[in-house]
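For reference, the structure is listed below as structure tokens.
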Amino acid sequence: MDQKYHVSSSPHVRSPLTTGAVMYDVILALLPAAVFGVWHFGVHALLIILMSVVSAVLTEFVFNALTGKGNTLRDGSAVLTGLLLALCLPPQVPLYIPYIGAVFAIAVVKGLFGGLGRNILNPALAARCFLLLSFGGPMTRYFADGVSGATPLAAIAAGRSADLVRILTGHAGGVIGCSAIALLLGGLYLLISGGITWQIPVATVAGFSAFMLLFGENMTPALLLAQIAGGGVLMAAFFMATDPVTSPVSGPGQLMFGACVGILSGLLRRFGSSADSVSYAVILANLATPVLDECIVPKPYAFRGREGRPEQPVKTWLPGTAGAIAAVVAVCAALAVGVSMLTGSVVEQRRLAENAETYRAVLPGAETFEVPDGVAEVLDALDGDIYGPYGNIRIDEVITAKDASGNVLGTVVSVTNPDGRDAPISLSVGILPDGTLNGIVYTDLNETPGIGMKVADASFTEQFKGVKADRLTVGGEIDAAAGATVSSEAVVDCVNAALDFWTAHVGA
């Protein structure tokens, strides 16, 4: 009698499925996208993934210890959150960004709401939105083939053609987990293994496609496929919106939820000004999940319908499925417009502020900035191609700087060289109206500390100030940083490309 059996009323359901099994199944499904991202973008992408995952795991461990909760690391949820966040980041962000994002995701979005199963928002996406608002510059600087440039969607929005094959394979640039094929493979694995159901992915893609076909400009099948394959729609459809904690439990509810995600993604992408559309769409739909669960009650296990008793009870205060979809989408659309206006302006202001600081670093006293006449057309014609005989240099931006009185102080030419010693190097070059260099400032430099990073020392960068020459050479006008010859030559190539472009299209 010391050991009593506790028997509940039937029916009894037994299943080997555990939280850990579900989490590690999703992690396995994400591995193709992660492996491709590291292979394509390089070692720094791997460091971002490791930093995000390790930070998420350590944050959960420390949070549990401080709050007296048991060790929950074995369930794999922290690992999954860190991996999802990393795959949603640009491949060259500084390592403090995945660290801050992972801490925010685990400690704030997950931990403060009670831990796994109680958070109302997807932790990884909430952290991404937080990072977009806090670090607009690094979070909106993307790379393709190691070169800073516009994302495929930005190119489409600018009227340029999209290479569908490159978008599908992930070679067109974007976040670390940008390979549509890899995401599809992972998503199909989850569907086949039973890790997710079909309702949310199908409804998300269908809702997005319907909205873009109705309201998109000059929408063709190829362009629609490019819109679906790029910009996070597939990541959301298979991995973010399907989060069992923040999505509805019933099949009809999941269809409504997916439709909300898809329609809101299309709405924000078509009419919004934010740097991201899908992340905000999923977050807003997460907020609607309690309403969907309340208005659509799942049929109980072993439930048998009788005459006058509905098989799938629906709250009488909503006129069925169509009314629920319309009500939820209407509310979320109103929220989405407000969020887009707010975050879009904040991100744009941050980006302009960061760029202005860069311009003033090489042209002190600058107050206003504008693109020189004819330069925009030249950059559009280049379309990200290599410029001149200086290696793999790309011209990113050309800006004329003026003082408060409207006098031209000079030109800032921003360039990227993927052939640094360890990572791509991006910098801005200040050129005075007579062609004299007025200095350089790095916008992206991730060389090896103590070796390649020596090109950041003032003893090296100050050599570019006050020099007037058609072409610089290492060992001639410029002395290489000690022990950093390769990085020094990469920087000099950048400056030479900037001078050449200025001479051909601005100074002339």
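What's counted below: heavy atoms across the whole structure, side chains too, no hydrogens, waters or symmetry copies. Each residue takes its place number in the sequence, starting with 1.
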Are [X] and [Y] linked by a side-chain donor-acceptor pair shorter than 3.5 Å?
X	Y	value
E397	Y359	yes
T416	D396	yes
Q254	T197	yes
T246	D243	yes

Working to the nearest 0.5 Å, report the span between [atom1] of [X] and [atom2] of [Y].
X	Y	atom1	atom2	value
C494	I425	SG	CD1	6.5 Å
M51	L46	CE	CG	11.5 Å
S209	I263	OG	CD1	11.0 Å
L255	S250	CG	OG	8.5 Å
I106	L112	CD1	CG	11.5 Å

Exam field: side chain [X] to backbone [Y], donor-acceptor pair closer than 3.5 Å:
X	Y	value
S52	I48	no
Y442	V455	yes
R128	C88	yes
N417	A490	yes
H40	C178	no
N122	L125	yes

Open item on the list: Looking at Y99, I'd like to know if its OH atom is crowded, meaning that more than 12 non-hydrogen atoms belonging to other residues, nucleotides or ligands lie closer than 6.0 Å.
Closed with: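 Not more than 12 within 6.0 Å, no.
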4.5 Å side-chain heavy-atom contact, [X] and [Y]:
X	Y	result
L89	P98	yes
S279	I283	no
S428	T443	yes
Q199	P252	no
F369	V412	no
V261	F208	no
N286	F257	yes

Can you name the closest pair of heavy atoms from [X] and [Y] and give their distance?
X	Y	answer
A34	L83	CB-CD1, 4.3 Å
V205	I228	CG1-CD1, 4.1 Å
A259	A203	N-CB, 3.6 Å
A281	S265	CB-OG, 3.3 Å
L87	V175	O-CG2, 3.3 Å
S247	T289	C-CG2, 3.5 Å

- [ ] Report the C-alpha separation of F239 and L84 in whole Å, then their side-chain angles, then the decisive distance to 0.1 Å, and conclude whether the side chain to side chain contact (heavy atoms under 4.5 Å, CB included) test is met.
- [x] CA-CA 8 Å; F239 298 101; L84 281 171; 4.0 Å; yes
Task: Option among I196, L183, T204 that satisfies the side-chain contact (heavy atoms from CB on, under 4.5 Å) test with F238 - done: I196
TODO: Look at the aromatic rings of W39 and F36 and report parallel, tilted or perpendicular, splitting at 30° and 60°.
DONE: tilted
TODO: Could you go through the side chain to side chain contact (heavy atoms under 4.5 Å, CB included) check for K110 and F104 one step at a time?
DONE: CA-CA 9 Å; K110 181 181 176 183; F104 181 85; over 6 Å; no
TODO: Begin from the C-alpha positions of L131 and L85 and carry the test side chain to side chain contact (heavy atoms under 4.5 Å, CB included) through to its verdict.
DONE: CA-CA 10 Å; L131 292 173; L85 173 62; 4.2 Å; yes
TODO: Evaluate side chain to side chain contact (heavy atoms under 4.5 Å, CB included) for V415 paired with S426, printing each intermediate quantity in order.
DONE: CA-CA 6 Å; V415 299; S426 296; over 6 Å; no
